[in-house]
Amino acid sequence: MTSLLTKFHSVLEDSKYPLIGRNVKLLKMSYLLSERPGYRAAVRVKAGILLSLMIFFALTQATDTFINISNIVKFLRNLKYVLMSTMIIAKVSSYMLWQKRWETIIQYVNKVNVDRLKTDDPISIKIYKKLVKYCKIVTYIYIYLTSATVFLVLIQPILIYCLRMYSSLEDDLDKYIPITNTWVPFDKDNLTVYLLSLLLQIYATIYSLIYIVAFDANAVSTMVFFRGEVELLRRDSQILFGTNSPVNEETARVNLSKCQKRHKDLVKYVKLFDSCLSPIMLLYVIVCSVMLCATAYQLTVETNAMQKFITAEYLIFGVSQLFMFCWHSNEVLYVSKDLTLGPYESMWWTRSVSEQKDISILTDQFNKEIVFSAGPFTSITVATFISILKGAYSYYTLLSQSEED
């Protein structure tokens, strides 16, 4: 088992991308990224075909959900899948729409990291290695958590069938148990129709896994990169005038100019990244609020034990996804607040008046909070995450009380 995991991890590594190699590989697997210009058109066509099938699948889910709107149990079972499919379609569509922006961000991240490998400062090297290790952990957490959820979704027909055979409990399931309920203009009790719809459901579920991991892990790893870049920028501003022995004025000005340029580039690409992610995060916040409320309520009205287990795991998965974004965005925010301390942690008091004025200018430039947003309404922070949980719980309480009345 260990050797298989090691081989799997080695397949995802890419020496060209020391920090985000795994994310680049996943994006290529999902046809959202192609490095070779001659193949970009073909990759976009494949991505378009897969996206069209995902949209078709989501429409069949939504239709079945609407048909069963009067049955609260079936409605809630379908709703969480419809919301997840909507979120995945939005992610893939936005990536295809702003593919050049994402490629620009990826190239910037990689260039900065390759340059970082050339540093001879041991503390900066230590911070960088810690950053690479953390990005690996985040990506693999996404892969394993999403894989566990998808695996449970795929095997639930078998598990439910076994429970039906060895249990006397009756349920309201169909003759043939689907992975997720979809509408088809044919008899669902027909074996051929069931098998064809099952193949579509398996395809959609597996590609949902790839899309979720590829998009989310890349976005979170980019946030981790920005946090690390701010930390390293603070470190570089601490050693503007040398470490053990002071550097001359010309070298100090070169170091100062590099810090100014790096911060200017950082702010530029943070804005570009936020312009791509912000609309998705706005939808994410809305969808997660509804999904968390719906799944929590489903746990109270669901009678099928297997469905309860799937719903609980789905609830954990949804909360974890949202938390990953909010936590890492929150880290970038608080690290950026401390960036202004960097220049004053250097040996600035030993320098000339003109150099001290330059330090003041650099500090003013650093005095910008970096935070990612969910549309024009809110920032992605831990406080926002807590507010979403509170809101979802309030809606859940309201639904429970109305059901009792």
Side-chain angles (χ1 to χ4, degrees), residues 12-14 16-52 54-55 86-115 131-132 135-136 138-139 142-143 146 207-230 264-285 321 324-325 328-329 332 370-375 380:
L12 288 181
E13 297 298 325
D14 191 338
K16 294 180 182 178
Y17 299 89
L19 184 71
I20 55 170
R22 296 152 298 283
N23 308 109
V24 171
K25 282 283 183 74
L26 289 167
L27 288 169
K28 288 178 181 177
M29 286 172 59
S30 57
Y31 300 111
L32 295 177
L33 182 68
S34 176
E35 289 184 317
R36 293 189 282 183
Y39 290 87
R40 283 184 180 175
V43 168
R44 287 183 69 85
V45 170
K46 289 180 181 179
I49 293 171
L50 293 175
L51 178 60
S52 299
M54 287 293 295
I55 293 172
T86 303
M87 197 67 246
I88 292 168
I89 290 168
K91 289 177 183 178
V92 176
S93 301
S94 70
Y95 206 102
M96 292 177 67
L97 181 64
W98 297 315
Q99 192 174 59
K100 289 185 178 179
R101 293 187 192 179
W102 281 109
E103 288 177 357
T104 303
I105 293 166
I106 289 171
Q107 293 306 320
Y108 164 72
V109 171
N110 191 53
K111 181 180 181 301
V112 170
N113 284 299
V114 170
D115 291 341
L131 198 66
V132 173
C135 275
K136 285 184 180 181
V138 166
T139 301
Y142 258 106
I143 290 173
T146 311
Y207 261 93
S208 295
L209 160 66
I210 297 173
Y211 285 140
I212 290 171
V213 173
F215 186 95
D216 287 16
N218 178 60
V220 173
S221 293
T222 305
M223 288 182 180
V224 173
F225 159 77
F226 285 129
R227 186 203 71 193
E229 181 63 5
V230 173
K264 183 180 177 182
D265 290 341
L266 175 65
V267 172
K268 172 186 172 183
Y269 284 97
V270 162
K271 289 180 179 178
L272 183 62
F273 175 73
D274 192 48
S275 70
C276 295
L277 191 66
S278 182
I280 296 301
M281 289 311 302
L282 176 60
L283 183 60
Y284 221 127
V285 167
Q321 271 190 305
M324 291 287 273
F325 280 102
H328 290 96
S329 177
V332 176
I370 298 175
V371 62
F372 305 107
S373 60
I380 311 169

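Since the model is a prediction, treat every value here as computed from it, not as a measurement.
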| query | Below 4.5 Å, heavy atoms only, C-beta onward: do D216 and F325 meet side chain to side chain? | reply | yes

| query | Can you check whether I20's main-chain N or O pairs, donor with acceptor, with N110's side chain at less than 3.5 Å? | reply | no

| What heavy-atom pair brings V132 and R22 nearest, and what distance separates the two atoms? | O-NH2, 4.3 Å

| query | Can you tell me how far CG of L266 sits from NZ of K271, rounded to the nearest 0.5 angstrom? | reply | 11.0 Å

| Would you call D265 and V112 a side-chain contact if the rule is heavy atoms closer than 4.5 Å? | no

| Close side-chain approach of W98 to T104, heavy-atom, < 4.5 Å | no

| Value rounded to 0.5 Å, distance of CZ in R101 from OH in Y269 | 13.0 Å

| Note, F226 side chain near I370 side chain (heavy atom, < 4.5 Å) | no

| query | Taking the side chain from S275 and the backbone from L272, do they hold a donor-acceptor pair closer than 3.5 Å? | reply | yes

| request: State whether the side chain of S329 and the backbone N or O of I380 hold a donor-acceptor pair below 3.5 Å, judged by distance alone. | output: yes

| note | CE of M281 to CG of D274, rounded to nearest 0.5 Å, is 10.0 Å

| request: Give the minimum heavy-atom separation between L282 and A374, together with the two atoms involved. | output: CD1-O, 3.6 Å

| request: Verify the ring-centre separation between F273 and F372: is it less than 6.0 angstrom? | output: yes

| said: In this structure, is the centre-to-centre distance between the rings of Y108 and F225 below 6.0 Å? | reply: yes

| message | Once rounded to the nearest 0.5 Å, what's the spacing between atom OG of S208 and atom NZ of K91? | response | 10.0 Å

| said: Side chains of I106 and L27, heavy atoms from C-beta outward: is any pair under 4.5 Å? | reply: yes

| CA sep, side-chain torsions, deciding dist, call: Y95, Y211, ring pair (Phe, Tyr, Trp, His ring centres under 6.0 Å) | CA-CA 11 Å; Y95 206 102; Y211 285 140; 9.9 Å; no

| request: Step by step, work out the side chain to side chain contact (heavy atoms under 4.5 Å, CB included) result for Y17 and K25. | output: CA-CA 10 Å; Y17 299 89; K25 282 283 183 74; over 6 Å; no

| Which heavy atom of M324 sits nearest a heavy atom of Y142, and at what distance? | CB-OH, 3.5 Å

| said: Testing the basics here: between A214 and N218, what is the closest heavy-atom pair and its distance to 0.1 Å? | reply: O-CB, 3.2 Å

| Nearest heavy-atom neighbours spanning C135 and S221 | SG-O, 4.0 Å

| message | To the closest 0.5 Å, what do you measure between NZ (K111) and CD (Q107)? | response | 11.0 Å

| Rounded to the nearest 0.5 Å, how far does OG1 of T139 lie from CG of L19? | 8.5 Å

| Close side-chain approach of L32 to W102, heavy-atom, < 4.5 Å | no

| Are V109 and E229 close enough that some pair of their side-chain heavy atoms sits under 4.5 Å apart? | no

| Side chains of M54 and I88: does their closest heavy-atom pair fall under 4.5 Å? | yes

| task | Show the numbers, then the answer: is there a side chain to side chain contact (heavy atoms under 4.5 Å, CB included) between M223 and L277? | result | CA-CA 11 Å; M223 288 182 180; L277 191 66; 3.4 Å; yes

| message | Is there a side chain to side chain contact (heavy atoms under 4.5 Å, CB included) between L51 and I89? Walk through the geometry before answering. | response | CA-CA 7 Å; L51 178 60; I89 290 168; 4.1 Å; yes

